Structure formats: C-alpha cells, structure tokens
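Given the structure is predicted, the values throughout are model-derived calculations rather than measurements.
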Amino acid sequence: MSKRCVLAVALAASALPSVASAQLSVGARVGTLGIGAEAGYGFNSRFAFRGGLGITKYHYEGDFSDKQFTVDTPPSIWNIGVEVSPFSNAFHLSAGVLHRPQFDLTGTFTGSTDVGNNTYSGTVRVVGNMKNEREIGPFLGLGFGRMTKRGFGMSFDLGVAQLGEGKINFTSATCTASNGQPCPNQSQFQADVQQDAADANKEIATYLKWHPIISLAFHYGFGK
C-alpha cells in the first residue's frame, strides 16, 4: 500500500464520528501468522493501526521431486497494517504488509537414490531453501471483532499475502559411496541435483507465492 493511500485512509477516518477515545490494545494470537503477540491503536470506532509478531519455527516432512525433505519453517512472521470497520461494528477490513523469510530444506538419502536421470549408490545429502522474490509483501483481509475495543475481546481474521514467485534452491549437495569416497562422476551428480530442483519448482512455484492468513486473537483494550 502506498504512502498516499495510507494518508488518504487516515484523513478520511479522522473525519468520521468517533464514539470513544483512542484505544491501545494488546493481545495474543494463534494461526498461520504463528503463535505470538500483537498490538493495536484505534483512532475512533472505524479506524485503527494493528500489527504483530508470531513465532512460526517448526519442522515437517515435505516431498519435493519424489524425495522427502525435512523443512524448517521461518523462525517468525510479522505484519503491520490498517484496520477499517466501515459500519463501526465487529466486521472489519484490513490491509498492510507481511514479512516471511525463507524455508530451509535438508534431505539425507541412503542406498540407491534417483537424482535427475541417474541412480546413485551411497549417501546423498542435499541442503537448500525455498524463498520468494521478496520477503515483504502486501496483504488484504477481512475479519470479525474489534481489537481496539475497550476491555476483553476476541477477533478472527482471514486473508492472503502475496510475496512473489517462489523458488526452490539446492545450495549444497554431496554423494558419498559406501567406502567413504565421493561418488564417481561428481559433475554429472551436481547437474542431476539441479535438474531435481527445476522439477521441484514446477510443482511449487505458483502456490508458494501466497501466504494464507488465518488468525484467532484474544486481546484487551485500554482507554476511557
């Protein structure tokens, strides 16, 4: 969202009737933005700033190019934006920016392993990442609940962030034979690893560009 758009929304909101003093709110959230904290500042019953930081680091197993990798998710995700309640009730719209770093990949395969168009015997270890064109991108969403309302409250949000095309990169690959020596034909092995990366990108490039937002928050608003 451009600076001009944010300024226009802020000026419009300041002209709307206010039913309460500015509200500072803090809370905890859980969902696809991680487990963490968020805060908000409401200027009136219709307009507020809101942002948060969530811990997202965990491991899971993912299949890429017919091989199972251990995936380490980014350690954290943060977001900041504006929240507009057009009817001065629980329904709200939101927009802003979200930051999501890269995912790390590690795969270790023993025995006979197909890499590219060839089969290698021994231990194959591949290290890489999944990253987007950018780590910070815009998001849009909607939800129910006013975080900056005085007292205890709850809000639920749905949305999506766009971070550009995603890509898998295999940054390191080794093949060790059973006798402890490097596998024969290392140059071909490295070329086959990059072929696997290209095949994996055909599978994930489109959906990796989007980050879904599903978030449940519990919060408390301070103010008069």
Trainee: Answer yes if the side chains of Asp104 and Asn129 hold a donor-acceptor pair under 3.5 Å, and no otherwise.
Mentor: no
Trainee: What heavy-atom pair brings Thr148 and Gly42 nearest, and what distance separates the two atoms?
Mentor: CG2-N, 3.4 Å
Trainee: For the OG1 atom of Thr119 and the CG atom of Asp114, what is their distance to the nearest 0.5 Å?
Mentor: 4.0 Å
Trainee: Is there a side chain to side chain donor-acceptor pair (under 3.5 Å) between Glu61 and Thr70? Walk through the geometry before answering.
Mentor: CA-CA 5 Å; Glu61 301 300 318; Thr70 297; 3.2 Å; yes
Trainee: Can you name the closest pair of heavy atoms from Ser88 and Ser45 and give their distance?
Mentor: OG-OG, 3.1 Å
Trainee: Quick one, Glu83 with Leu93, criterion side chain to side chain contact (heavy atoms under 4.5 Å, CB included). Give me CA distance, side-chain angles, the key distance, then yes/no.
Mentor: CA-CA 6 Å; Glu83 188 171 279; Leu93 303 171; over 6 Å; no
Trainee: Where the side chain of His92 meets the backbone of Leu142, is there a donor-acceptor pair that is under 3.5 Å apart?
Mentor: no
Trainee: Between Ile213 and Val82, is there a shared hydrophobic cluster once you connect ILVMFWY residues whose side-chain heavy atoms come closer than 4.5 Å?
Mentor: no
Trainee: Decide yes or no on side chain to side chain contact (heavy atoms under 4.5 Å, CB included) for Val97 and Ile80, but give the supporting numbers first.
Mentor: CA-CA 6 Å; Val97 294; Ile80 188 169; 3.8 Å; yes
Trainee: Are any non-hydrogen side-chain atoms of Leu140 and Val160 less than 4.5 angstrom apart?
Mentor: no
Trainee: Between Gln190 and Ala173 (side chain of the first, backbone of the second, donor and acceptor by atom type, cut-off under 3.5 Å), is there such a pair?
Mentor: yes
Trainee: Can you see which heavy atom on Ala200 is nearest to which on Ile168, and at what distance?
Mentor: CB-CD1, 3.8 Å
Trainee: So how far is it from Asp72 CG to His59 NE2, rounded to the nearest 0.5 Å?
Mentor: 4.5 Å
Trainee: Any idea how Phe43 and Tyr41 line up, ring-wise: parallel (<30°), tilted (30 to 60°), or perpendicular (>60°)?
Mentor: perpendicular
Trainee: If you group Ile, Leu, Val, Met, Phe, Trp and Tyr whenever their side-chain heavy atoms sit less than 4.5 Å apart, what else falls in with Met147?
Mentor: none
Trainee: Taking it one step at a time, do Arg125 and Thr108 satisfy side chain to side chain donor-acceptor pair (under 3.5 Å)?
Mentor: CA-CA 4 Å; Arg125 179 175 171 81; Thr108 302; 3.1 Å; yes
Trainee: Who pairs with Lys67 by salt bridge (Lys or Arg N to Asp or Glu O under 4.0 Å), at least two apart in sequence or on another chain?
Mentor: Asp196
Trainee: Without swapping roles, check the side chain of Ser112 against the backbone of Ser121 for a donor-acceptor pair under 3.5 Å.
Mentor: no
Trainee: Under a single-linkage definition using a 4.5 Å side-chain heavy-atom cutoff for Ile, Leu, Val, Met, Phe, Trp and Tyr, are Phe189 and Val127 assigned to the same hydrophobic cluster?
Mentor: no
Trainee: Say whether His211 and Asn132, considering side chains only, have a donor N or O and an acceptor N or O under 3.5 Å apart.
Mentor: no
Trainee: Could you check whether any side-chain N or O of Asn169 sits under 3.5 Å from a backbone N or O of Thr171, counting only pairs where one atom can act as donor and the other as acceptor?
Mentor: no
Trainee: For Asn201 versus Gly166, what's the shortest heavy-atom pair and its separation?
Mentor: OD1-O, 4.4 Å
Trainee: Take the angle between the ring planes of His99 and Trp78 and call it parallel below 30°, perpendicular above 60°, tilted in between.
Mentor: parallel
Trainee: Could you go step by step and tell me if Arg46 and Ser85 meet the side chain to side chain donor-acceptor pair (under 3.5 Å) rule?
Mentor: CA-CA 4 Å; Arg46 299 191 184 186; Ser85 302; over 6 Å; no
Trainee: Looking at side-chain heavy atoms only, is the closest gap between His219 and Phe152 below 4.5 Å?
Mentor: no
Trainee: If you draw a 6.0 Å radius around CD1 in Ile35, do more than 12 non-hydrogen atoms from other residues or ligands fall strictly inside?
Mentor: no
Trainee: At their closest point, which heavy atom of Cys183 faces which heavy atom of Ala177, and how far apart are they?
Mentor: SG-N, 3.8 Å
Trainee: Start with the C-alpha gap between Phe156 and Phe144, add the side-chain angles, then the distance that decides, and say whether ring-ring contact (aromatic ring centres under 6.0 Å, His included) holds.
Mentor: CA-CA 5 Å; Phe156 180 71; Phe144 296 90; 8.1 Å; no
Trainee: Can you tell me if Tyr60 has over 12 outside heavy atoms packed within less than 6.0 Å of its OH?
Mentor: yes
Trainee: Flag the pair Lys149 / Gln23 as yes when at least one side-chain heavy-atom distance between them is below 4.5 Å, and no otherwise.
Mentor: no
Trainee: To the nearest 0.5 angstrom, please state how far the CD1 atom of Ile77 sits from the CG atom of Leu33.
Mentor: 6.0 Å
Trainee: Do side-chain atoms of Thr32 reach the backbone of Pro212 as a donor and acceptor pair under 3.5 angstrom?
Mentor: yes
Trainee: When you group the ILVMFWY residues by side-chain heavy-atom contacts below 4.5 Å and let the links chain together, are Tyr58 and Val30 in the same group?
Mentor: no
Trainee: Quick check: closest heavy atoms across Val26 and Phe222, and the distance to 0.1 Å?
Mentor: CG2-CE1, 3.9 Å
Trainee: Is there side-chain contact between Leu163 and Arg100, with heavy atoms separated by less than 4.5 Å?
Mentor: yes
Trainee: Rounded at 0.5 Å granularity, tell me how far CZ in Arg29 sits from CG in Leu216.
Mentor: 11.5 Å
Trainee: Say you draw a straight line from CG of Asn79 to CD1 of Ile136; how long is it, rounded to the nearest 0.5 Å?
Mentor: 11.5 Å
Trainee: Quick check: is Phe49 connected to Phe139 through a chain of hydrophobic side chains (ILVMFWY, heavy atoms under 4.5 Å apart)?
Mentor: no
Trainee: Test of understanding: clusters of I, L, V, M, F, W, Y form through side-chain heavy atoms closer than 4.5 Å, transitively. Do Phe47 and Phe87 belong to the same one?
Mentor: no
Trainee: Run Arg50 and Ser155 through side chain to side chain donor-acceptor pair (under 3.5 Å) and show every step you take.
Mentor: CA-CA 12 Å; Arg50 183 178 179 182; Ser155 59; 3.1 Å; yes
Trainee: Hey, would you say the Phe218 and Tyr220 ring centroids sit under 6.0 Å apart?
Mentor: no
Trainee: Is the CG atom of Asn117 crowded by more than 12 outside heavy atoms at less than 6.0 Å?
Mentor: no
Trainee: Okay, side chain of Glu165, backbone of Lys167: is any donor-acceptor separation there less than 3.5 Å?
Mentor: no
Trainee: To the nearest 0.5 Å, what is the distance between CD on Gln194 and CZ on Phe170?
Mentor: 8.0 Å
Trainee: Asp192: what forms a side-chain hydrogen bond (donor to acceptor under 3.5 Å, both in side chains) with it, not counting sequence neighbours?
Mentor: Asn118, Tyr120, Gln188
